[in-house]
Amino acid sequence: LLKEMVQKMDESVYNNKYRPDSWTIQQINHHIADSHVNGYIRHKLTVTQHQPTINPYLEASWAELEDVKRLPLQISLDLIVALHQRWAVFLDSVSNSDLEKCYYHPEHQRFITLQESIGTVSYTHLRAHETVLDIVCRLLLEKKTKKKKKRKIKKKKNKIDVINKTKAKIQQSIQYH
């Protein structure tokens with residue numbers, strides 16, 4: 001779904017924001033990759049260690065790093081696809097008792113079970129960003145459609161103007177003859 005939405009967009013809009021205080025499409029896409037890499041590592045730590053304390057990251061700071069600004073979206077899209085293949089195999093191997101294991105999140109100051117992390121944090125997080133990208137995509141397509149309509153209207157108006165001017169010239173030349 002994410003890949004399809006990004007493919008619908010023209011590259012020229014990747015650095016557009018959908019509202020003044022938001023991230024760009026480029027930043028959102030790379031953030032999803034960063035976030036899922038972190039989530040995958042947290043899950044593996046949770047299964048292999050006893051109640052590990054995970055290391056939160058400053059998402060806003062990461063969104064301003066050069067790799068986010070300069071690398072094409074396809075790099076993160078490919079990373080997400082590859083990571084999800086690994087994550088799916090890993091999650092298929094997780095037992096019911098593993099789902100009850102937890103990690104400590106110092107930012108939230110609480111333990112989060114693997115099951116909760118899979119269900120609410122990982123899935124909900126991706127869906128939230130996909131929803132934002134979907135809205136952005138729709139808005140951009142809507143803007144593009146409006147621009148095309150304006151251009152068509154302008155072209156029609158220009159044609160009408162040319163026709164009217166031509167008619168006027170013909171009428172003038174008829175009057176003189």
Side-chain angles (χ1 to χ4, degrees), residues 1-11 13-141:
L1 183 62
L2 180 63
K3 199 171 198 167
E4 289 171 26
M5 284 187 287
V6 171
Q7 287 172 342
K8 288 181 189 176
M9 297 178 200
D10 185 64
E11 282 186 36
V13 301
Y14 289 172
N15 287 311
N16 289 0
K17 295 181 177 192
Y18 63 98
R19 62 174 198 258
D21 61 336
S22 68
W23 284 349
T24 64
I25 294 163
Q26 178 105 350
Q27 287 172 308
I28 292 169
N29 186 72
H30 289 306
H31 164 71
I32 292 169
D34 290 341
S35 176
H36 283 218
V37 166
N38 273 285
Y40 175 65
I41 297 299
R42 288 173 185 179
H43 290 176
K44 290 186 88 166
L45 288 171
T46 302
V47 169
T48 60
Q49 297 178 16
H50 179 71
Q51 298 181 343
T53 298
I54 57 97
N55 190 17
Y57 67 105
L58 302 174
E59 296 170 357
S61 296
W62 282 38
E64 296 299 326
L65 294 173
E66 285 303 307
D67 62 322
V68 171
K69 292 177 181 177
R70 293 193 314 198
L71 288 175
L73 294 186
Q74 194 60 46
I75 300 247
S76 281
L77 290 172
D78 292 344
L79 175 59
I80 292 165
V81 169
L83 179 65
H84 284 184
Q85 289 173 347
R86 295 256 332 249
W87 211 346
V89 170
F90 168 73
L91 290 175
D92 277 347
S93 72
V94 167
S95 68
N96 287 338
S97 62
D98 287 335
L99 291 173
E100 298 306 314
K101 292 180 178 179
C102 57
Y103 62 82
Y104 183 74
H105 197 301
E107 217 170 55
H108 298 299
Q109 297 183 343
R110 68 182 191 92
F111 286 96
I112 297 174
T113 66
L114 183 59
Q115 185 168 6
E116 179 185 358
S117 180
I118 293 166
T120 58
V121 179
S122 303
Y123 180 80
T124 306
H125 182 256
L126 177 62
R127 293 295 167 250
H129 286 302
E130 282 181 343
T131 301
V132 166
L133 285 173
D134 185 48
I135 290 167
V136 169
C137 186
R138 288 172 197 262
L139 288 172
L140 292 171
L141 290 174

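Starting from 1, each residue takes its place in the sequence as its number. What you see is a predicted model; the values in this text were computed from it and never measured.
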**Set of side-chain hydrogen bond (donor to acceptor under 3.5 Å, both in side chains) partners for S95, sequence neighbours left out** = S97, D98
**Message:** Test of understanding: with ring-ring contact (aromatic ring centres under 6.0 Å, His included), list the residues that count as partners of H50, not counting sequence neighbours.
**Reply:** none
**Prompt:** Any side-chain heavy atom of I118 within less than 4.5 Å of one from L114?
**Reply:** yes
**Item:** Side chains of Y104 and P106 in contact at under 4.5 Å (non-hydrogen atoms)
**Value:** yes
**Request:** Compare every heavy atom of I54 with every heavy atom of H105, then report the nearest pair and how far apart it is.
**Result:** CD2-CD1, 3.6 Å
**Short side-chain to backbone donor-acceptor contact, S76 and L73, under 3.5 Å** = no
**Message:** Between K101 (side chain only) and T46 (backbone N and O only), is there a donor and an acceptor less than 3.5 Å apart?
**Reply:** no
**Complete:** Note: K69 and E64 closest approach over all heavy atoms is CE-O, 3.1 Å
**Item:** Any side-chain donor near an acceptor of the partner, Q74 and D78, under 3.5 Å
**Value:** yes
**Prompt:** side-chain hydrogen bond (donor to acceptor under 3.5 Å, both in side chains) with K44: which residues, sequence neighbours excluded?
**Reply:** Y40
**Asked** Short question: side chain of N29, backbone of I25 - any donor-acceptor pair under 3.5 Å?
**Response** no
**Asked** If every non-hydrogen atom of P56 is compared with every non-hydrogen atom of R42, which pair is closest and at what distance?
**Response** CA-NH2, 3.8 Å
**Fill in**
Closest non-hydrogen contact found for W23 with A60 is CZ2-CA, 3.8 Å
**Heavy-atom side-chain proximity of V37 to Y57 below 4.5 angstrom** = no
**Request:** Check for a donor-acceptor pair, side chain of Q27 on one end and backbone N or O of W62 on the other, with a separation under 3.5 Å.
**Result:** no
**Asked** Does Q109 CD have over 12 foreign heavy atoms under 6.0 Å away?
**Response** no
**Fill in**
Smallest heavy-atom separation, H108 atom then I112 atom, equals CD2-CD1, 4.4 Å
**Request:** Look only at the side chain of H30 and the backbone of L71, and say whether a donor-acceptor pair between them is shorter than 3.5 Å.
**Result:** yes
**Asked** H43 and W87: side-chain donor and acceptor closer than 3.5 Å?
**Response** yes
